[in-house]
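Below is one structure, written out as structure tokens; comments come after it.
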Amino acid sequence: MSIAKTYNPREVEDKWYQYWLENKFFSSTPDEREPYTIVIPPPNVTGVLHMGHMLNNTIQDVLIRRARMQGKNACWVPGTDHASIATEAKVVAMLKEKGIDKKEIGREKFLEYAWEWKEKYGGIILEQLKKLGASCDWDRTRFTMDADLSEAVIDTFIHLHNKGLVYRGVRMVNWDPQGKTAVSDEEVIYKEVNSKLYYVRYKVTGIPDLGVETKDSILNSQDYITVATTRPETILGDTGVCVHPEDERYKHLIGKKAIIPYVNREVPIIADEYIDPEFGTGCLKVTPAHDINDYNIGLKHNLEVIDTIADDGTMAPVAQFYVGMDRFACRKQIAIDLERDGFLVKVEEIKNKNGYSERTNAIIEPKLSMQWFVKMEAMAEPALNYVENGDVRLIPDKFKNTYRHWMENVKDWCISRQLWWGQQIPAWYDDKGNYVVAKTKEEALERFKIQNSKLSIEDIKQDEDVLDTWFSSWLWPMSVFDPSVCGKVGAKGNADVNYYYPTSDLVTAPEILFFWVARMIMAGHEFRGEAPFKNVYLTGIVRDKQGRKMSKSLGNSPDPIELIEKYGADGVRVGMLLSSPAGNDLLFDESYCEQGRNFANKIWNAFRLVKGWEVKTGTGNNQMAINWFDTRFNEAIIEIEELYKQYRLSEALMAIYKLVWDDFCAWYLEMIKPPYGEAIDSETYEASIQFFEKILALLHPIMPFITEELWHEIKPREAKDCIIIAKYPSTGIPNKNLLSEFETISELITQIRNIRNTKQISPKQGLPLAIKTTNDSLYVNYLSILKKLANIEDILFTQSAKDGALTFIVNADEFFVDLGENIDKAAELDRMTKELEYTIGFMKSVKAKLSNERFVANAKPEVVESERKKLADAETKIGMLKASIAALN
RNA sequence: GGGAGCAUAGCUCAGCUGGUUCAGAGCAUCUGCCUUACAAGCAGAGGGUCACAGGUUCGAAUCCUGUUGCUCCCACCA
């Protein structure tokens, strides 16, 4: 035979992907069909494919291919995200290697480098997706910084500003001193660390001067108040000391002043319920500029704000001391100095949490700064409603709780970033610091001129900052179709957006449920009055076998492309799907891909078998097998459809897997397989080809490559007759009778095979079978199958037990296999006695149940009925077992 | 600190409104097979007090309470 013994994915994958592209099978334009739309969660433009993408995009491709085969107008829109912080950090690093400093070359030049970088590496991840088989409409590929998408972002900003939802203000933000930008709360990762808690004394005023202070006099003095802090370097920015109003230890000090060491600033001692008297000394030093809680206390008590730490994390001039020293170096130094000067009482080791920047891993500095914000409260309400009333379905729905919690406790969204890579904020400042929001500089000038006619265009300057990346990606489901609808309420929009929006399914990770999914719902509601998608499938996190998140730094993430080369794209896709119910983290192990590869090989070999047959015209005697598989297929597809409907993809795959491997290969093909060298009748052959095609169609969304290859190998086809657009198998009504009959037969065959195995009888040796039954015709009908699969050479119907034969029972029928001499009476007796005991126990429990009046009275009639049947069956079985045991003795 | 969720074979997971067709699947394991589609395979088999303790019920893996262990989210006690 010329067909290779194993399936070789390399030879077919690129070929078919090209073929699909050339024939435009992925592309979609609006028409009269029902649309089925997915927008890709845009990966970072400079990113490379990781396992999370593999899982995510495999799922999307399964959904989109299935929809396409079901006759829907399937459209999967691909694209990338400009990912401002991540990309800018990469470009900065790249420039640094070349010895170039971002600040020196300036914004314009930097952006040139950045675009160059984007052009060079921007396409990589999308090319990798093609290897996976992703059937995206590549003509629709979008980038969040495409000119028209950027314009959409600007229009949106202006719209929200005009509506009063965007505002500018000084707020405490998470400052990343390395990236020198504010980051959102979601981009801060808290980690527990070992820290030191420093106890520091501040002198209290209003106490008579004791003259010259020495170290001893300070330590022994009662005129000091001791605060506890993990951040002594912020002492220089302290503007208050706070105690609990009910704290007896300090009540007498409230209203007095404390003096901050070194800077000798007098600050008020205030009282606030916020203070936990149990922690430290019960006295909090208040540094409004560098701690969010201190900031809030400061606001409440009108404390001064002194920002002692500069943008790069060093001590600022206002600190007066340690200026220019890094905040952590300063912490060490000031501790030494405080000790020396007698201010430091003691140091304790404690565990606390530090915030780290997700992008740069720098320790976040809470810092006051002027930023742009979006008011979230009003937008959150409708966004919550969509999910609450089911217009947007979260899968699995346990995420509803988390979603609700977030939406009910939403805080304003800081959208400005001190970066260059991104959409620059359309706010313009005059020489006095007044600002207007306008789309262009010219427009801004017009607006300024209303107030100040002398202003010229040279006098106004645009805001230096860019917008948070999510401020562009929250528009994604609209902007990929028609960017012009963003920023305009009630815009009609083009044909695309009207046809494809709202999209069908969104597949993404639960981590970004809030800062992406929720915000897309808000934006969709704002501009289209409709949520952007109907179902949100939340995938798990891909972890390694030990449950650790896969990451570059741990080196525990396999290279997806290498995996594809090793196991084939289909194998890897199966591997990804096999173990990942929605929302569950998936402990990835290459062996899943191996299982996928083996499955592909199994299908390949089933094809080799069928294709290798010589066909002779006529009919055979395989009608039973054909009818059975037909009905089994119908039964399976109902189950599979139900699983898909519930988005239980791994279970749907497993159902298909078993249908193919067990039912089709192990049972059906074995039943119809002609003896070696003999031809198969054309009737059986045709039926088998049709089954094969249906199976391939069912498999295609999951394993696109091998199915397309076999689709064409199995018979000659027209150029456009491809499985990718073939009709998805429809459901039929299964024949319950036939299925249960076959179950009996397969159980019988398994029992006989079991006898062979335990008695070490070669499959080549035919066995005689005697049956005690009231239903002879059942076994007569399946005679040829029994002969073939169990190698029964003779069937004899009998009314009495057969002496000296091995006995077993299936349903209510008794079977005897007479092996002549070699029967182990003791073992048989033992086996049957055990079965008898079990059955008697079983019968007793059923009897007890049935004799319980409350059971009979309360249980549903069908339950009682089934219990009665169980009892009858058990009684018959006991009778048979007893007879067999008696016969053995 | 607040909230959510989980705990079922060695591993990963199914078990919907309680009822021995409910104790399951796949992988792994064991035994026997190189049987001309496939050893990436075939045939068969063995694995579980359903975390623990109570309770409700005629009946609990399934419902309730508590305990223990784990995970995630939110808050961020200086």
Side-chain angles (χ1 to χ4, degrees), chain A residues 1 3 5-7 185 188 190 197 227-231 234 242 274-276 278-281 283-287 291-294 350 352-355 396 398-402 405-406 409 510-511 513-514 541 545 547 567 571 578-581 583-587 589 591-592 594-595 597-613 646 648 650-651 653-655 657-658 661 665-666 669-670 673 676-677 749-751 753-758 760 762-764 841-842 845-846 848-849 851-860 862-864 866-867 869-870 873:
Chain A
M1 187 183 295
I3 311 168
K5 210 170 166 181
T6 49
Y7 168 60
D185 291 344
V188 179
Y190 288 92
L197 185 63
V227 299
T229 179
T230 53
R231 302 200 56 196
T234 62
C242 191
Y274 166 80
I275 301 300
D276 171 9
E278 302 296 312
F279 187 89
T281 58
C283 295
L284 172 72
K285 67 184 225 29
V286 186
T287 322
D291 184 285
I292 180 68
N293 298 304
D294 291 17
I350 61 157
N352 73 339
K353 280 179 178 175
N354 272 345
K398 66 176 176 186
F399 286 107
K400 234 176 156 171
N401 291 331
T402 356
H405 184 261
W406 192 75
N409 297 282
E511 297 126 88
L513 181 58
F514 311 131
I541 295 166
K545 242 184 152 177
Y567 300 104
L578 265 179
S579 65
S580 81
N584 276 21
D585 283 2
L586 110 100
L587 302 184
D589 183 351
S591 67
Y592 290 120
E594 201 179 326
Q595 194 181 347
R597 179 202 61 182
N598 294 355
F599 185 40
N601 201 46
K602 184 71 188 177
I603 299 161
W604 179 258
N605 275 291
F607 160 73
R608 278 181 70 213
L609 175 68
V610 173
K611 197 63 192 170
W613 284 329
Q646 297 172 37
R648 301 171 80 148
S650 58
E651 284 174 65
L653 166 57
M654 191 43 69
Y657 182 92
K658 286 192 275 192
W661 201 305
C665 294
L669 289 179
E670 290 301 330
K673 191 162 141 186
Y676 179 65
I749 291 168
T750 302
Q751 289 278 10
R753 285 170 172 173
N754 189 10
I755 288 175
R756 278 186 198 284
N757 255 297
T758 49
Q760 309 262 29
S762 156
K764 283 173 185 153
F842 173 68
S845 78
V846 179
K849 203 182 282 185
S851 57
N852 182 334
E853 277 173 37
R854 300 179 70 171
F855 169 72
V856 181
N858 297 333
K860 279 177 266 173
E862 56 268 32
V863 173
V864 177
S866 95
E867 291 300 308
K869 188 172 181 309
K870 279 177 203 163
D873 288 352

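Labels below follow one simple rule: chain letters A, B, ... track the order of the sequence lines, proteins then strands, and each chain is numbered from 1.
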Check: A:E670 side chain, B:rA37 base, donor-acceptor under 3.5 Å |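 Under the 3.5 Å cut-off, the side chain and the base do form a donor-acceptor pair.
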
Take atom [atom1] in [N] and the same atom in [M], then report the distance between them in whole Å.
{"N": "B:rA23", "M": "B:rA9", "atom1": "C1'", "result": "10 Å"}
{"N": "B:rG10", "M": "B:rG47", "atom1": "C1'", "result": "9 Å"}
{"N": "B:rA7", "M": "B:rU12", "atom1": "C1'", "result": "14 Å"}
{"N": "B:rU8", "M": "B:rC50", "atom1": "P", "result": "11 Å"}
{"N": "B:rU62", "M": "B:rC6", "atom1": "C1'", "result": "15 Å"}
{"N": "B:rU65", "M": "B:rA60", "atom1": "C1'", "result": "15 Å"}
{"N": "B:rC22", "M": "B:rU29", "atom1": "C1'", "result": "24 Å"}
{"N": "B:rC13", "M": "B:rG59", "atom1": "C1'", "result": "28 Å"}

Classify [X] by what it touches in the nucleic acid, base, sugar-phosphate, or nothing, heavy-atom distance under 4.0 Å.
{"X": "A:D276", "answer": "base"}
{"X": "A:K285", "answer": "nothing"}
{"X": "A:Y592", "answer": "sugar-phosphate"}
{"X": "A:A600", "answer": "nothing"}
{"X": "A:Q751", "answer": "nothing"}
{"X": "A:C665", "answer": "base"}
{"X": "A:D589", "answer": "nothing"}

Under the side chain to side chain contact (heavy atoms under 4.5 Å, CB included) rule, what do A:W406 and A:L513 come out as? Steps first, then yes or no, please.
-> CA-CA 10 Å; A:W406 192 75; A:L513 181 58; over 6 Å; no

Assign the ring pair A:F599 / A:W661 to parallel, tilted or perpendicular, where the plane angle (0 to 90°) is split at 30° and 60°.
->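 Plane angle under 30°, so parallel.
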
Whether A:Y7 and A:W604 hold their rings parallel, tilted or perpendicular, with breakpoints at 30° and 60° |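 Tilted.
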
[N] pairs with which nucleotide, Watson-Crick or G-U wobble, both distances below 3.5 Å?
{"N": "B:rC42", "value": "B:rG32"}
{"N": "B:rU21", "value": "none"}
{"N": "B:rC52", "value": "B:rG66"}

Does a nitrogen or oxygen in the side chain of [X] sit under 4.0 Å from OP1 or OP2 of [N]?
{"X": "A:R597", "N": "B:rA40", "result": "no"}
{"X": "A:K602", "N": "B:rC42", "result": "yes"}
{"X": "A:K5", "N": "B:rA40", "result": "no"}

Selection from [options] that lies nearest to any side-chain heavy atom of [X]:
{"X": "A:Y274", "options": "B:rA14, B:rG44, B:rA78", "value": "B:rA78"}
{"X": "A:N293", "options": "B:rC73, B:rC77, B:rA37", "value": "B:rC77"}
{"X": "A:L609", "options": "B:rA40, B:rA37, B:rG26", "value": "B:rA37"}
{"X": "A:N605", "options": "B:rA45, B:rC38, B:rA43", "value": "B:rC38"}

Filtered N/O pairs between nucleotides 27-33 of chain B and protein, under 3.5 Å:
from   : atom 1 : to     : atom 2 : distance (Å)
B:rC27 : OP1    : A:Y657 : OH     : 3.4

Stepwise, does the side chain to side chain contact (heavy atoms under 4.5 Å, CB included) test hold for A:V227 with A:L284?
-> CA-CA 6 Å; A:V227 299; A:L284 172 72; over 6 Å; no

For B:rG69, is chi within 90° of 0 (syn) or not (anti)?
->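 For B:rG69, whose glycosidic angle is more than 90° from 0, the conformation is anti.
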
What residues form a salt bridge (Lys or Arg N to Asp or Glu O under 4.0 Å) with A:R231, not counting sequence neighbours?
->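 Only A:E233, A:E365 meet the salt bridge (Lys or Arg N to Asp or Glu O under 4.0 Å) criterion with A:R231.
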
Donor-acceptor pair, A:N605 side chain versus A:N601 backbone, under 3.5 Å?
->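 Present.
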
Please enumerate all protein N or O atoms sitting under 3.5 Å from an N or O of nucleotides 2-8 of chain B, with distances to 0.1 Å.
none

Could you pick out which residue, A:A606 or A:T750, lies toward the 5' side of RNA chain B when each is mapped onto its nearest nucleotide?
->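 The 5'-side residue here is A:A606.
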
